[in-house]
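Every chain is numbered from 1, with letters handed out A, B, ... down the list of sequences. Here the structure is a predicted model, which is why all the values come from computation and not from measurement.
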Protein chains: 2
Amino acid sequence: MRADARKNYDHLLDVARVVVAEQGADASLRDVARRAGVGLGTLYRHFPTREALLEALLRTSFDELTSQASALEAASPPREALRSWLRDCVAFTTAYRGVTELMVAAIEDPGSALHSSCVALRAAGTRLLVRAQADGTARTELDGTDLFALVAALAWLSDQPALAPRADHLFDVVARAVLTS
Amino acid sequence: MRADARKNYDHLLDVARVVVAEQGADASLRDVARRAGVGLGTLYRHFPTREALLEALLRTSFDELTSQASALEAASPPREALRSWLRDCVAFTTAYRGVTELMVAAIEDPGSALHSSCVALRAAGTRLLVRAQADGTARTELDGTDLFALVAALAWLSDQPALAPRADHLFDVVARAVLTS
DNA sequence: ACCTGAACACCGTTCAAGT
DNA sequence: ACCTGAACACCGTTCAAGT
């Protein structure tokens, strides 16, 4: 990548971080380009789709969550590892409003730029789930996709201003449905 | 209301039903007016906001759910009444894609045209919940708003094409967290 | 290679002008 | 009273023209 292109790419990403934090996953791309002081075509050249931009924005966090799963697997008992990883997932997904919806769509669309990150996330969760199930501390009628769905639903709840205050409480309620007491 | 106005009103509602079923709650209002063969201003005259249009579209179903709650309260044991009402709620909210989000926002916004319907719905759910709690068949750490939130989350899950196939299964999982076994 | 911005086809919302 | 559609300020996306 040419030096000027690299500079634009990085700057666009910085600006996008701010704008997406403000407006959510359906933020105006025009606004991103404008605030970055860059032509609209430049944004599209670097990020051909909205997913591509969000993927670049989220990749680091995704990777952290995946490796966090491994760390917890090594360090904590199965039940606690699963529970605290679910918490982390919900918290992360809440960072940018509306991202959950895109993640859910991406997990079934191999063409999406977010696809592989989401699949990796689900795989990490599945490992923790299976481990807890073998331990007898997670219910056996759930699989990794169910877990992904429940995290998504909780993240969605946290995104709703009217319900955000009960998000923690509802996490406990749903966690009880996943884990055995 | 003048006869011609009435005719436009009814026809707009019929067309909106189709378009919202197709495109979801964020359907193009322009498209509704166009397909109804009516000026855009006419739509705005009859339905000053998107919520007003959706409220008119959903009022009947809302009322049915509320009276269904009373019927179940009279006819079924507390636990079964609550459970099957929750099912009905999720099924209804899934009729139009994206309606859940608006309902959740409306419940805290007295200015929304959907506000009173949502409050009535929550009240109906609360009655069934309290009854089951008194019966010892529903967990006591939940209140009506929690119930509303869980229904909304399940309805949201059903709206996601990638997760819809597990919606029934996940309903069971969440229901287990609400009811005592 | 890369960037720019005009062009196109869409929105939601308002409001002057018509009947 | 009621209806119409142009007008305005926004989108996302593409692509010819420039450097």
Report task. Give the rounded distance in Å between these two atoms: CG of Asp10(B) and C1' of dC2(D). Result -> 15 Å
Report summary line: Using Watson-Crick geometry (N1-N3 plus N6-O4 or O6-N4) or G-U wobble (N1-O2, O6-N3), each under 3.5 Å, dT19(D) is paired with dA1(C)
Report summary line: Test side chain to side chain contact (heavy atoms under 4.5 Å, CB included), reference Leu58(A), set Leu53(A), Val99(A), Asp63(A), Val20(A), output is Val99(A)
Requested in this report: Just call it for Thr42(A): base, sugar-phosphate, or nothing, with non-hydrogen atoms closer than 4.0 Å on any strand.
Outcome: base
Query - Expected output: side-chain Arg30(B) to main-chain Leu40(B) donor-acceptor under 3.5 Å - result: no
Report task. Return yes if a side-chain donor-acceptor contact under 3.5 Å exists between Thr145(B) and Arg122(B), otherwise no. Result -> yes
Requested in this report: May I have the distance from Asp4(B) (atom CG) to dT4(D) (atom P), rounded to whole angstrom?
Outcome: 9 Å
Requested in this report: Side chain of Arg34(B) only, please: which of dG5(D), dC3(C), dC11(C) is the nearest?
Outcome: dC11(C)
**Report entry** Side-chain N or O of His46(B) closer than 4.0 Å to phosphate OP1/OP2 of dC3(D)
**Finding:** yes
Query - Interatomic distance, Lys7(B) NZ vs dA1(D) C1' [rounded to whole Å] - result: 16 Å
Requested in this report: For residues Arg131(A) and Glu73(A), report the shortest heavy-atom separation together with the two atoms involved.
Outcome: NH2-O, 3.0 Å
Query - Geometric class of the Trp156(A)/Trp156(B) ring pair [parallel <30°, tilted 30-60°, perpendicular >60°] - result: parallel
Query raised in the report: So what does Ala3(B) hit on the nucleic acid, given a heavy-atom distance under 4.0 Å: a base, only sugar-phosphate, or nothing?
Result: nothing
Query - Below 4.0 Å: OP1/OP2 of dT4(C) and any side-chain N or O of Arg30(A) - result: no
Query raised in the report: Between atom OH in Tyr44(A) and atom P in dC11(D), what is the gap in whole Å?
Result: 11 Å
Report summary line: Rounded to whole Å, CG of Leu40(A) lies from P of dA16(D) at a distance of 16 Å
Query raised in the report: Which whole-number value in Å describes the distance from Leu12(A) CG to dC3(C) P?
Result: 9 Å
Query raised in the report: For Ala27(B), which contact category applies under a 4.0 Å heavy-atom criterion: base, sugar-phosphate, or nothing?
Result: sugar-phosphate
**Report entry** Nearest-Å distance for atom pair CD/P, residues Gln23(B) and dC11(C)
**Finding:** 8 Å
Query raised in the report: Does dT13(C) have a Watson-Crick or wobble mate here (both distances under 3.5 Å), and if so which one?
Result: dA7(D)
Requested in this report: Let me know the distance between CG of Asp26(A) and C1' of dC11(C), rounded to the nearest Å.
Outcome: 14 Å
Report task. Among dT4(D), dT13(D), dT14(C), find the nucleotide with the atom closest to the side chain of Val38(B). Result -> dT4(D)
Query raised in the report: Considering all heavy atoms of both residues, which atom of Ala124(B) and which atom of Trp85(B) are nearest to each other, and what is their separation?
Result: CB-CZ2, 4.1 Å
Query raised in the report: Looking at Ser28(B), does any N or O in its side chain come under 4.0 Å of the phosphate oxygens OP1/OP2 on dC10(C)?
Result: no
Report task. Please state whether the phosphate of dC2(D), meaning OP1 or OP2, lies under 4.0 angstrom from any side-chain nitrogen or oxygen of Arg45(B). Result -> yes
Query raised in the report: Considering only side-chain heavy atoms of Arg2(A), which listed nucleotide, dC2(C), dG12(D), dC2(D), is closest?
Result: dC2(C)
Query raised in the report: What nucleic acid atoms does Leu29(A) come within less than 4.0 Å of, heavy atoms only: base, sugar-phosphate, or nothing?
Result: sugar-phosphate
